[in-house]
Amino acid sequence: MPVWRDIPITLGPDGLYHAKVTVGRKANGKLDRRHRSGKTVEAVKKKLRELLKEVDAGRTPRPGKAPTVEDWFSTWLTDIAPYGKRALAPRSLYDYWSRCRNWIFPHLGAIRIDALEPDHLDKLYKAMYQAELAEGTVLKTHAVVRRGLEIAYRRERVTRNVAKMIDPPGSPSIARESLGRKEIRAVLQLARERRNGTRWFLGLAVGPRQGETLGLRWPDLDLEEGTVAIQWQLQRLPWQHGCEDPHACGAAPRERHPRGLHRTGETCPGSGVKHDRYHKRGCPKPTKGCPPGCTGHASKCPQRTGGGLVFTRPKGWRRRPRPRVAALPPSLVVLLSKHHKAQAAERLEAGNRWHDLGLVFCHRDGRPIDPRVDWQEWKDLLLEAGVPPARVHVMRHSAATTLLDLGVDLSIVQEVLGHTDSRTTRGYQDVTAEITKRAARAMERELFGDVASLDERRRRRRSS
């Protein structure tokens with residue numbers, strides 16, 4: 001392998017300095033010669049040093065011009081991320097695209113991925129902080145950048161992952177919130193009287209995600225064995241254009257309905273959408289200044305596809321050898337049996353209007369429950385129980401904390417929650433005061449109790 005000092009550097013007619021070096025042979029047997037250029041000799045020498053350093057380490061850069069950040073991330077999210085053993089879930093893929101379009105592409109999109117520097121990422125995160133975004137949002141954007149560059153590094157598109165060279169943005173991790181035992185009892189006392197109230201018992205018992213609970217089907221429940229298998233989840237996904245020209249469809253003018261109302265089977269003028277239910281909102285406002293190439297407004301496309309409430313596999317299901325199964329408390333099994341009988345009565349009452357999806361928790365006609373409706377019911381339940389506002393996901397944290405408080409092994413809690421990494425499970429658990437009191441009593445019993453009693457006997461002998 002040549003040394004960079006021995007490689008001739010010449011001034012070309014374009015005013016730049018050029019150097020060529022052979023780094024091996026191509027697959028067809030021909031010499032693999034690489035070209036480097038720069039405005040100064042020192043700039044070319046620096047590029048040669050970096051090239052030969054990577055070649056010596058066995059990471060020869062791929063020939064050809066490196067793609068820009070926008071080109072590579074678009075290729076990654078279109079052709080790589082949705083497929084394979086570690087394919088991104090549809091909702092996660094949509095979130096990745098959203099972060100790319102809103103922040104990564106506008107700030108880093110034109111930069112070649114092999115020319116990306118840590119300073120570029122620092123400027124991106126600074127802009128996000130100046131926009132007063134939450135630290136969690138900035139940290140998730142950094143995770144997308146780091147993952148995309150890691151795939152580029154594995155495929156030899158770049159020789160380093162600059163996202164690993166800087167500290168992740170954001171403040172130190174804060175303990176996640178969870179409900180106390182008194183708060184849980186207050187919530188469950190009210191939930192018992194509500195329709196679909198068993199849904200909150202299940203959430204606080206084994207901690208399934210919101211989508212996993214709303215997508216639970218009766219075949220996944222074994223009431224005789226008292227177990228539940230988490231195999232599906234219900235998620236709201238964004239709509240996609242089903243027309244031939246998404247830009248023309250998105251830029252088409254839309255008119256307001258004369259009354260601002262729509263009835264079942266009524267077609268909205270301008271958009272051509274026939275509404276399948278009554279609603280009070282008018283048609284979307286006319287689109288003004290739709291930029292060239294814009295493919296947005298898919299939710300208003302008359303031939304829209306792939307969106308709305310859909311059933312998808314739960315997170316991490318590809319990496320599990322079998323479905324995730326968790327045992328249920330006996331009292332919850334009894335409540336589920338009663339819930340099943342009540343739903344059977346609703347099914348008879350609905351008759352032909354019943355949507356036979358096999359859902360455990362649904363509307364009175366069998367339709368799935370929208371996550372937004374579920375969130376609002378949880379919010380009302382907490383308010384009525386006198387519990388401070390909290391996310392629906394807090395039930396998952398509460399279940400983990402309760403199991404830890406009861407002395408359940410970490411590996412079992414990990415299996416119940418469906419985590420692939422025990423560190424994730426540990427982050428879900430809050431060490432409560434009751435747990436520390438139990439540890440103090442154990443310390444007293446094992447070490448300090450005998451010493452304290454000996455001191456007390458000595459004090460009594462002296463006094464006598």
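Here the structure is a predicted model, which is why all the values come from computation and not from measurement.
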Practice item. Check whether any side-chain heavy atom of M128 sits under 4.5 Å from a side-chain heavy atom of L124, and report yes or no. Key: yes
Revision key, fill the gap. Residues passing the side-chain hydrogen bond (donor to acceptor under 3.5 Å, both in side chains) test with Q231, sequence neighbours excluded, are D220
Check your understanding: Are Q210 and W378 side-chain neighbours, meaning at least one heavy-atom pair lies under 4.5 Å?
Key -> no
Point to revise | Side-chain donor or acceptor of R324 paired with backbone N/O of V416 under 3.5 Å | key: yes
Review point. Under the 3.5 angstrom rule, does the side chain of R33 hit a backbone N or O of V21 as a donor-acceptor pair?
Key: no
Practice item. Show your working on side chain to side chain contact (heavy atoms under 4.5 Å, CB included) between Q235 and F311 and close with a plain yes or no. Key: CA-CA 6 Å; Q235 287 189 322; F311 289 97; over 6 Å; no
Revision key, fill the gap. Correct closest heavy-atom pair for A19 and P8 would be CB-O, 3.7 Å
Check your understanding: Is the backbone of H397 close enough, under 3.5 Å, to the side chain of T401 for a donor and an acceptor to pair up by distance?
Key -> yes
Review point. Hey, does the side chain of S398 reach the backbone of V394 with a donor-acceptor pair shorter than 3.5 angstrom?
Key: yes
Exercise for review: Nearest 0.5 Å please: distance from the CD atom of Q233 over to the CZ atom of R209.
Suggested key: 7.5 Å
**Study point:** Pairing of E150 and K164 as salt bridge, 4.0 angstrom limit
**Key:** yes
Practice item. Taking only Lys NZ, Arg NE, NH1 and NH2, and the carboxylate oxygens of Asp or Glu, determine whether R160 and D114 approach each other closer than 4.0 Å. Key: no
Review point. Measuring from I113:CD1 to N161:CG, what's the distance to the nearest 0.5 Å?
Key: 10.5 Å
Review point. So how far is it from L404 CG to D409 CG, rounded to the nearest 0.5 Å?
Key: 10.0 Å
Point to revise | Heavy-atom check, side chain of R313 versus side chain of P90, under 4.5 Å | key: no
Review point. Do the side-chain N and O atoms of D79 and T75 include a donor-acceptor pair separated by under 3.5 angstrom?
Key: no
**Study point:** Side-chain heavy atoms of V228 within contact of V325, under 4.5 Å
**Key:** no
Exercise for review: Kindly indicate whether the side chain of R34, heavy atoms from C-beta on, has any atom under 4.5 Å from the side chain of K20.
Suggested key: no
Review point. Under 3.5 Å, is there a donor-acceptor pair linking the side chains of T68 and D71?
Key: yes
Practice item. Find out whether T78 and W97 are in side-chain contact, i.e. whether some heavy atom of one side chain is under 4.5 Å from a heavy atom of the other. Key: yes
Review point. For the atom pair CH2 (W103) and OH (Y125), what is the distance rounded to the nearest 0.5 Å?
Key: 12.5 Å
**Study point:** Value rounded to 0.5 Å, distance of CD in E212 from CG in L417
**Key:** 9.5 Å
Review point. Do the side chains of R146 and V144 get nearer than 4.5 Å, heavy atoms only?
Key: no
Practice item. Could you give me the CA-CA distance, side-chain angles and deciding distance for K45 and K47, then say whether side chain to side chain contact (heavy atoms under 4.5 Å, CB included) is met? Key: CA-CA 5 Å; K45 289 181 178 180; K47 293 180 180 180; over 6 Å; no
Check your understanding: Hey, is E70 close enough to R101 for a salt bridge, meaning N to O under 4.0 Å?
Key -> no
**Study point:** Side-chain heavy-atom pair I369, N196 within 4.5 angstrom cut-off
**Key:** yes
Study note, to complete from the structure: Closest heavy-atom pair, G366 versus L359, reported as atoms and distance to 0.1 Å, is O-CD1, 4.1 Å
Check your understanding: What pair of heavy atoms forms the shortest contact from C362 to W354, and how long is it?
Key -> SG-CH2, 4.0 Å
Practice item. Not counting sequence neighbours, which residues clear side-chain hydrogen bond (donor to acceptor under 3.5 Å, both in side chains) with R236? List them please. Key: D370
Review point. Which atom names give the shortest non-hydrogen contact between V44 and G38, and what distance separates them?
Key: CG2-N, 3.4 Å
Check your understanding: How far apart are the C-alpha atoms of E135 and Y129, what are their side-chain angles, what is the distance that settles it, and do they pass the side chain to side chain contact (heavy atoms under 4.5 Å, CB included) test?
Key -> CA-CA 8 Å; E135 290 185 340; Y129 280 124; 3.8 Å; yes
Point to revise | Salt-bridge present (R372, E377; N to O < 4.0 Å) | key: no
Practice item. Give, for atom CD of E183 and atom CG of L204, the distance between the pair rounded to the nearest 0.5 Å. Key: 11.0 Å
Check your understanding: So which of V413, L410, T425 actually passes side-chain contact (heavy atoms from CB on, under 4.5 Å) with L403?
Key -> V413
Review point. For Y94, does the OH atom have more than 12 heavy-atom neighbours from other residues, nucleotides or ligands under 6.0 Å away?
Key: no
Practice item. Start with the C-alpha gap between D374 and W200, add the side-chain angles, then the distance that decides, and say whether side chain to side chain contact (heavy atoms under 4.5 Å, CB included) holds. Key: CA-CA 10 Å; D374 183 72; W200 312 113; 3.4 Å; yes
Review point. With a cut-off of under 6.0 Å to the ring centre and 45° to the axis, is R217 in cation-pi contact with W232?
Key: yes
**Study point:** N-O pairing of R99 and D95 below 4.0 Å
**Key:** yes
Exercise for review: Please name the pair of heavy atoms, one in T213 and one in L202, separated by the smallest distance, quoted to 0.1 Å.
Suggested key: CG2-CD2, 4.2 Å
Check your understanding: Would you call the rings of F73 and W76 parallel, tilted or perpendicular if under 30° counts as parallel and over 60° as perpendicular?
Key -> perpendicular
Revision key, fill the gap. In short, L214 meets P371 closest at the heavy-atom pair CD1-CA, 3.9 Å
Review point. Can you tell me if T40 uses its side chain to pair, donor with acceptor, with the backbone of A43 under 3.5 Å?
Key: yes
